[in-house]
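Structure first, then comments.
Bear in mind that the values here come from a model prediction, so they are computed numbers and not experimental data. The basis for the numbers below is simple: all heavy atoms, side chains too, and nothing from hydrogens, waters or symmetry mates. Below, chain A is the first sequence line, B the second, and so on; all start at residue 1.
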2 protein chains.
Amino acid sequence: MPRSAAAAKAATLHDVAREAGVSLITASRALSNPRLVSETTIERVREAVRQTGYIPNLLAGGLKSRRSMTVAGLVPIISVPQFLPTVQALTEALDAEGYQLILGQSGYDHAREERLVDTIIGRRPDGIVVTGLLQSARTREQLQRLRIPVVETWDLSERPVDMMVGFSHLKVGSAVAGYFLGKGWKRLGIATGDDHRAAQRRAGFLAAAGSDVPTVTVPAPSNVALGRRALSELLQKDPQVRAIYCSSDALAHGVLVEAAARGLRVPEDLAVCGFGGADFAAHLHPTLTTVQIDGAEIGRLAAKLILDRCAGRTIEQPVIDVGFRIVERESTGAAG
Amino acid sequence: MPRSAAAAKAATLHDVAREAGVSLITASRALSNPRLVSETTIERVREAVRQTGYIPNLLAGGLKSRRSMTVAGLVPIISVPQFLPTVQALTEALDAEGYQLILGQSGYDHAREERLVDTIIGRRPDGIVVTGLLQSARTREQLQRLRIPVVETWDLSERPVDMMVGFSHLKVGSAVAGYFLGKGWKRLGIATGDDHRAAQRRAGFLAAAGSDVPTVTVPAPSNVALGRRALSELLQKDPQVRAIYCSSDALAHGVLVEAAARGLRVPEDLAVCGFGGADFAAHLHPTLTTVQIDGAEIGRLAAKLILDRCAGRTIEQPVIDVGFRIVERESTGAAG
DNA sequence: CTGTTAGCGCATTCAC
DNA sequence: GTGAATGCGCTAACAG
């Protein structure tokens, strides 16, 4: 029966206990609750662990204790660098407490999200961190019913499933529009991705700027090439466009490249603002004004919320606004 | 006893079986092996699943069947975009077969890698994909003893733990050096990260170029700012340096920025080559020559190897060289 | 086609 | 301090 090449028989706690000449439960306690066991016994068990090469089966332990020591992380698309600092900080904060991240790619479609969350729940994670809001109503109810701690991130909403760490995309949009208007620029334009949050930022922008702002929408994930094309199309819609807000720094990079190719001077002829606070923004030519988000802080706070819940601590503030900051650089007229 | 706010009692297969009026095992088979069960029974069970909101506990199933339906992915640092296409392709290929990726950050240090692999093994993954080679000898032995399928990626070596999908960093280095020399450039320089693979590329470069090549080493993860500093330091070591190989596209970007700031013309005064094939490389000014790696293909192949092993299929080719390609652009003199 | 029995490896009761 | 029994939720093996 070729049951695949799966794991060879690994040492179990049973083997350790026999090797150490103690009972199963004593071996268990020696490893996970040593305060209850005498020094000498602990040492005997530790030696037996070394002898046998024992590695605890966390799946089995979790079955009984109902704690899998895993947290699921859901991102729309893995290959978008925007969320990396969040995922990184999350991983590190969880790791420090012995938790492991299970990564899932939810895509931008509700059906896929539902299926993914189903298999994720099947692994009984002790918490779930989502970048963005959970879309599916069925999923939202399910998670609430099962009382799995959930943190939605990179957004704020009136109706969190559970907890939330993010910022208002509406406010980002209106802040950038206000910033442009404050500079005296009238003819504004938008180059934006087609996801929910980018749409929110656009809505905020429109609300503050008046609704006659030409917009070019590109499919997610955005990149430099799409940014170039977006500027071309914007210039067709309004050849006099003066200041452009882009929904990502990669798009903004593309707009700068295309502007240079067309001999447009930035910021004299055209002002550009990105979003995300990518590290390269400070080194483009001209340097790129952008909306800075502390993605790592979002990850750290999300981890803390989940871990607090797991430890039964009370959560003072289940919805946290981390805010944002417009970093002014040459592309909108800051001195070089 | 406030056992945290952990999962509320979820429906079990037991509940489903009772609701459907069949035995436990019949319910189990109806869901996971429906060919063995009659149509009507299947429908009754499906209805019961809907009624109860049952979601299978994969942990429990895995305990008995010895298949966790998870694969662990280890990256040195999550926030480096270089491996994203690999992680993405891996996730998608695994997801298509019902497997989930568990993500771990191994860092650049052996002790950390050992600890991480220990807790990873504790979750009994059906396979492990590592970016880079496994460093710790203890870990290597452990994985071989347990017969866990392992794919090392983004490298090739004489002594794989198990399977391997990558390319030769030595050959990359010598290929770039050969390319520079073929252009007639004599005074070469290197700006490189301090990880193992970058060191291999440098070794290959030196072997092909002669060992008198000035080198600046920067700490990983590299970025644009480090690239700027690297060029400054290289120019101190050799003011006449003519062609620079960088161990990442971000570093190369920084070198281009610093060159522009110093009034050095690229490629007339200085040629630059990056590594990785980042999407922005085609849009820098000048466009950046780089060594292109098909990271997504690496992920797909790694997934296929693991899945083949899990299914008990024989592996024709356990070590795969995906090669690389120098993409020539303006920064080394290609026509704009 | 369906059911009974027996664990997977561990932690949580209870006893001593 | 230590130990024996029991079961977490599910599936493999063997019966019917």
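Judged by distance alone, with hydrogens and angles left aside, the side-chain atoms of A:Thr119 form no donor-acceptor pair with the main-chain N or O of B:Gly98 at under 3.5 Å. Checking side-chain atoms of B:Arg140 against main-chain N and O of B:Leu134 turns up a donor-acceptor pair under 3.5 Å. Judged by distance alone, the side chain of B:Arg123 and the main-chain N or O of B:Thr70 form no donor-acceptor pair under 3.5 Å.
In terms of phosphate contacts, A:Ser38 brings a side-chain nitrogen or oxygen within less than 4.0 Å of OP1 or OP2 of D:dT2. Residue A:Thr41 has no polar side-chain atom (N or O) positioned under 4.0 Å from OP1 or OP2 of D:dG1.
With the end axes of the helix from C:dC1-D:dG16 to C:dC16-D:dG1 each set by five pairs, the angle from one to the other reads 30° at 10° resolution.
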- [ ] Show the numbers, then the answer: is there a salt bridge (Lys or Arg N to Asp or Glu O under 4.0 Å) between B:Glu297 and B:Arg300?
- [x] CA-CA 5 Å; B:Glu297 179 69 2; B:Arg300 277 189 295 271; 3.0 Å; yes
List the atom pairs, donor and acceptor, that lie under 3.5 Å between side-chain atoms in residues 80-92 of chain B and the rest of the protein, sequence neighbours left out.
unit_1: B:Thr86; atom_1: OG1; unit_2: B:Trp154; atom_2: NE1; d: 3.0
unit_1: B:Thr86; atom_1: OG1; unit_2: B:Gly295; atom_2: O; d: 2.8
unit_1: B:Gln88; atom_1: OE1; unit_2: A:Ser79; atom_2: N; d: 2.9
unit_1: B:Gln88; atom_1: OE1; unit_2: A:Ser79; atom_2: OG; d: 3.0
unit_1: B:Gln88; atom_1: NE2; unit_2: B:Glu92; atom_2: OE2; d: 3.0
unit_1: B:Thr91; atom_1: OG1; unit_2: B:Val87; atom_2: O; d: 2.7
unit_1: B:Glu92; atom_1: OE2; unit_2: A:Gln105; atom_2: NE2; d: 2.7

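Under a 4.0 Å N-O distance rule, the pair B:Arg18/B:Asp15 qualifies as a salt bridge. With respect to the salt-bridge test (charged N to carboxylate O, under 4.0 angstrom), the residues A:Asp118 and A:Arg138 qualify.
One interatomic measurement links the two molecules: CZ of A:Arg123 to P of D:dC8, which rounds to 22 Å at whole-angstrom precision.
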Would you tabulate the pairs of protein nitrogen or oxygen atoms and nucleotide nitrogen or oxygen atoms of nucleotides 8-12 of chain C closer than 3.5 angstrom?
unit_1: C:dC8; atom_1: O2; unit_2: B:Lys64; atom_2: N; d: 3.3
unit_1: C:dG9; atom_1: OP1; unit_2: A:Lys9; atom_2: NZ; d: 3.3
unit_1: C:dG9; atom_1: OP1; unit_2: B:Arg66; atom_2: NH2; d: 2.6
unit_1: C:dG9; atom_1: OP2; unit_2: A:Lys9; atom_2: NZ; d: 3.4
unit_1: C:dG9; atom_1: N2; unit_2: A:Ala60; atom_2: O; d: 3.1
unit_1: C:dC10; atom_1: OP1; unit_2: A:Tyr54; atom_2: OH; d: 2.5
unit_1: C:dC10; atom_1: OP1; unit_2: A:Asn57; atom_2: N; d: 3.2
unit_1: C:dC10; atom_1: OP2; unit_2: A:Leu13; atom_2: N; d: 2.4
unit_1: C:dA11; atom_1: OP2; unit_2: A:Ser28; atom_2: OG; d: 2.6

